Amino acid sequence: MKDYIRSVLDVVGESPFVPLEAHAKKGVLAVEKLAEAMEAYCAGNQAVLEERTIEIDKLEHDADKLKQKIRAGIPSSVKLPVDKKDLLSFLKQQDSIADFAQAAAYWMNLRPCKTLPEEIKNGFLELMGA
Amino acid sequence: MDLLVIALILAGLYMAWNIGANDLANAMGTSVGTGALSLKQVIIIAGVFEFLGAVFFGERVTSTIAKGIVPIDVIGSIHPDIVAIGMLAAILAAGFWVTLTTFYNLPVSTSHSIVGSVLGFGLITAYNGTIALSDIHWGELTKIVASWFISPALGAVVAYLTFSVIRKLFLHRAKDLPLVERKFISLQLITACYMAFAHGSNDVANAVGPLAAALRVMGVTGLEVPIWVLVMGGLGMVIGMATWGYKVVETIGSKITELTPTRGFSAEFATASVVLLHSYSSLPISTTHTLVGSVIGVGLAGGIAAVDLRVIWRIVSSWIATVPIAALTSALIFVGLEVIFL
């Protein structure tokens, strides 16, 4: 049965800050996977590298979907406590984190490098904080 | 007692039930949403203070509905039954419109419906030649309609200011933010009582205003609105809250989780103050619309993550539709009842 309710609920819109946090989390996970991918690359473990690359791909795709959802979820009728333009440009920057992780993972897949000098290898691992 | 009076009492009780089940529940829902009060506490507070507001402060708005819009004494001196039938038609029309729109979840106000349907009765008597069109108190009606625009805007302004002051004085200075919020929980207990009292004082008129008018011209009561009529309206609303309103309170409480105690306090304090001010000025306004205005005010002050302003257009369109539809339905029901009773 339909609820016999006449309510004030319409006034509260869906908060974009909840999916914004979820979007940031995708970026964090993608960077974590990239660190693992880097380790696999340096160890010459091609199978793990490919696996991580696919996982990063998926995370980047999820982040894109969340980005679309946030953008679509703030029509002009919704008022936020912060400037909408600021929120959108922040989202754009935040989204590029997962994009860069994806691109970096692809580069590593292009050519397995067996003769990587030890100091560059260490430099890469240090860079990833792994 | 007359058959008409009994029919009026029943229709008035139905309207009171409806107001308690939806309007009162909406007003109280925000207290549950903030986690300040339990459902049980809210129902008890709403029951007690709604009743007190209706009985001790409900007379002014009831008089406005009863005789502020249509000159019932003039019509009553020609034939008292015309007023009784007209008021029955008015309350049936308003009840019908409110029931219909509630099923479609439209933010229609009972106050607006009853004003529209009483006006419809006035117009049909003018059409019948019982009174002149200029006998309808257009000045008073203009004041009432103006208050429908002013009350939500005023709610927004008061809530904006209240929340801004709270933020400046407490939230920005607080070392322990959750502690400040907890302190506001007890304040919300007070605003919940205030809210129920204000609501009772303004909205009881929507249920018993027409009844008071009919009793007056039929000579059952004197010039004053009798206390038992207000008691009846108050009881009807409390029953509405207890039998259905708790569901509405639960739904609203579970969905408006954004309102923390400081924000809920601001919205409720603003709404109750504006509604009580209008009760004092004898103007029937919508508590729900004022509450929407107040929540928007808190939102504009930066208190809520996202406020959807589309709701404003939904409310404005409900105003534009309610008065003509309620007036027309009321006039049609009046014509039908006239054939049966006169």
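Proteins come first, then strands; the chains are lettered A, B, ... in the order of their sequence lines, and each starts at number 1. If you're wondering where the values come from, they're calculated on a predicted model, not measured in any experiment.
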*For chain A, which of B:T99, B:I315, B:T288 has the most heavy-atom pairs under 4.5 Å?*
B:T99
*asked:* Only pairs of heavy atoms separated by less than 4.5 Å count here; which of B:T251, B:V108, B:L291 has the most with chain A?
replied: B:V108
*Give the ring-plane orientation class for B:H289 versus B:W319, where under 30° counts as parallel, over 60° as perpendicular and anything between as tilted.*
tilted
*Using 4.0 Å as the upper bound for N to carboxylate O, is an ion pair formed by A:K67 and A:D64?*
yes
*Check whether B:T30 gets within reach of chain A through its side chain, its backbone, both or neither, counting any heavy atom under 4.5 Å.*
neither
*Salt bridge or not for A:E55 and A:R52, using N-O below 4.0 Å?*
yes
*Can you say whether B:L300 sits under 4.5 Å from chain A via the side chain, the backbone, both, or neither, judging by heavy atoms?*
side chain
_B:Q188-B:T34 side chain donor-acceptor pair, cut-off 3.5 Å_ = yes
_Short side-chain donor-acceptor distance under 3.5 Å, A:Y106 and A:D57_ = yes
*Max heavy-atom pair count under 4.5 Å with chain A, selected residue of B:I312, B:V98, B:T101*: B:V98
*A:D10 pairs by salt bridge (Lys or Arg N to Asp or Glu O under 4.0 Å) with which of B:R314, B:R310, B:K255?*
B:R314
*Is it the backbone or the side chain of B:I252 that comes under 4.5 Å from a heavy atom of chain A, or both, or neither?*
both
*Give, as side chain, backbone, both or neither, the part of B:S294 having an atom under 4.5 angstrom from any heavy atom of chain A.*
neither
